[in-house]
Amino acid sequence: MSLQPHLASQNFHSAINVVLDTAYQGISDSDWKKLFASARQSGLEQFIADMFAGKHINNSEDRPALHSALRNLSKTPVLINGADVMPAVDEVWRRIEALCNQWEGITDVIHIGIGGSDFGPRLAIEALAHVPGIESRGMRMHFLANIDTAELARILAHAQPHSTRVLIVSKSFTTLETTMNAKAVVAWLKENDCTKSQIAHALYAVTANVTAAKEFGIEEDNIYPFWDWVGGRYSVWSAVGLPIALQYGFETFKQFLAGAESIDLHFKNAPLEENLPVIMALALLYQQEKHGIKAYAVIPYADALDWFPKWLQQLDMESNGKSIDRDGKPVKHSSPIVFGSAGSNAQHSYFQLLHQGTEIIPIDFIAVREPMSDRPEAVAHHHILLSNCLAQAQALANGKDDVNPNNVYPGKRPSNLLLLPKLNAFYLGALLALYENRTATLGALWNINSFDQPGVEYGKVLAKPIEKALTSHQNNIQASAEIDAVTAARINFLNS
Ligand code: F6P
């Protein structure tokens, strides 16, 4: 693979001032041409059009994947079975704005949700806290996801019950971790002498299952709906993103949506050769074909984006970690393993393997041009941060020879550089939408349905009889159709 620099114009792509530099992918011009031609031939352009048009691209569940409608601030009609969804989306925006305006005297928000009902808002709350000068209510924002009571105990030790609001966030409203944690928080409110009406006032739900939320005891006025055509991991743009609006204001939330909307317009309209999500997807595909890569890393050189790789893990691996395609046939390729964490910290952890390990692992380096604090040291530190980012990419690409084999760097390790002009709500929204669209593109190119997740169900089913056995405290559980011999022995050990 040649990693000679090409003319900047051939490797630099940009949309809304987000720059993608693919120079270190080592893909020749003729290979790029072939990649775009095969993408075109596979019907990618039609897939993109179908996605925005509300066609049932989630074929296994026979529904559209229309999260783009949630950031369609222009309110251009988006039709599902002939009915425009935008009035309902707009109504939720109106209610979020109204809630923001009446949100007074709240010290703590406990956001209860897991997976797609957690990562997006958690990442955004964390990332935007680093934006210099951002207006914030300064509430303590607690994210409660794990069924492990350690997280619950930590949060409840810090929250003030009489000025806490609880957001129960679950598309299905049947997720065990979420409903059990919600019950525990309600119990805590009761233990702390909150009256029935105070508790009713404190509880909010965000869900596509309004009936279940009502049954749980949430008042109708406090339920913020979203819809089955929004996948959980694509849902931060719905009322799932409520914490963003509550902490940083509705205008900031709108900015977040606006950044995503701008990327959607780019993804929808730009030719494949200039289309950032498409180029990123094709680069990964190339490395899969050429080097059989099994993993890729995303390293944001921005502490504010430390949660980004975790968000991306669900997005990519839950969307595209599948062995069969849309037609039930085995796939040649699907999602590689995704990992990463903020640079430069990551350099002091697993970069050894990236430089000298036996695997070739492509990397997305994400950098932000502007420093993320107004400390007097900010500019000097930022130059070091950026220089580290650039140096790692260069070292990985070019490698280094040495007489001592220990000091040989093989090089030819591909990477992208994604450069954001700054990190604010707009560019955070843009970044997330860029990757969402890249994930959808990869799914389309692999002919995988990126919008279902059947593989997460089996373990949940098996957990039920195991829980029952653990709760029985018996240590003579026998292997059965539901519990095999290994697991039975483990249960018996735990129960003894
Ligand atoms: O178990 C996986 C999953 O279904 C994810 O797809 C989803 O984001 C998460 O659980 C939470 O689901 P819900 O929002 O329905 O509680």
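Source: prediction; values computed, not measured. One-based numbering, in listed order, for ligands and for the atoms of each.
- Distances below 4.0 Å separate heavy atoms of Thr175 from the following atoms of ligand 1: 12 (O), 13 (P), 15 (O), 16 (O).
- Ligand 1 has no nitrogen or oxygen under 3.5 angstrom from a nitrogen or oxygen of Thr178.
- Put simply, the residue from Gln453, Glu436, Gln314 that forms a side chain to side chain donor-acceptor pair (under 3.5 Å) with Arg233 is Gln453.
- Under 4.0 angstrom from ligand 1, the non-hydrogen atoms of Lys171 come from both its backbone and its side chain.
- For the pair Arg95 and Tyr224, the cation sits on the ring face: its NZ or CZ lies under 6.0 Å from the ring centre, inside 45° of the axis.
- Counting protein heavy atoms only, atom 15 (O) of ligand 1 is closest to Ser172 OG, 2.6 Å.
- Atom 9 (C) of ligand 1 has Ile114 O, 3.6 Å as its closest protein atom, hydrogens excluded (heavy atom only).
- Across Ile244 and Phe256, no two heavy atoms sit closer than the pair CD1-CE2, 3.7 Å.
- Ligand 1 has at least one atom lying under 4.0 Å from a heavy atom of Gln314.
- Under a cut-off of 6.0 angstrom, the local environment of CZ in Arg490 is sparse, with at most 12 non-hydrogen atoms contributed by other residues, nucleotides or ligands.
- Annotation for Phe173 and Thr179: closest pair O-CG2, 3.7 Å, computed over non-hydrogen atoms.
- Using a 4.0 Å cut-off to heavy atoms of Gln453, the atoms of ligand 1 that qualify are 6 (O).
- Here the closest heavy-atom approach between residue Leu44 and residue Ala444 is recorded as CD1-CB, 3.9 Å.
- Scanning the protein heavy atoms around atom 10 (O) of ligand 1, the nearest turns out to be Lys460 NZ, 4.5 Å.
- Protein heavy atom nearest atom 8 (O) of ligand 1, with residue, atom name and distance: Gly116 N, 2.7 Å.
- Judged by distance alone, the side chains of Ser68 and Asp264 never bring a donor and an acceptor atom under 3.5 Å apart.
- Here the heavy atom of the protein found nearest to atom 2 (C) of ligand 1 is Glu318 OE2, 3.4 Å.
- Distances below 4.0 Å separate heavy atoms of Val456 from the following atoms of ligand 1: 1 (O), 2 (C).
- Looking only at side-chain heavy atoms (C-beta outward), Asn72 and Glu261 come within less than 4.5 Å of each other.
- Using a 4.0 Å cutoff on heavy atoms, Glu457 does not count as a contact of ligand 1.
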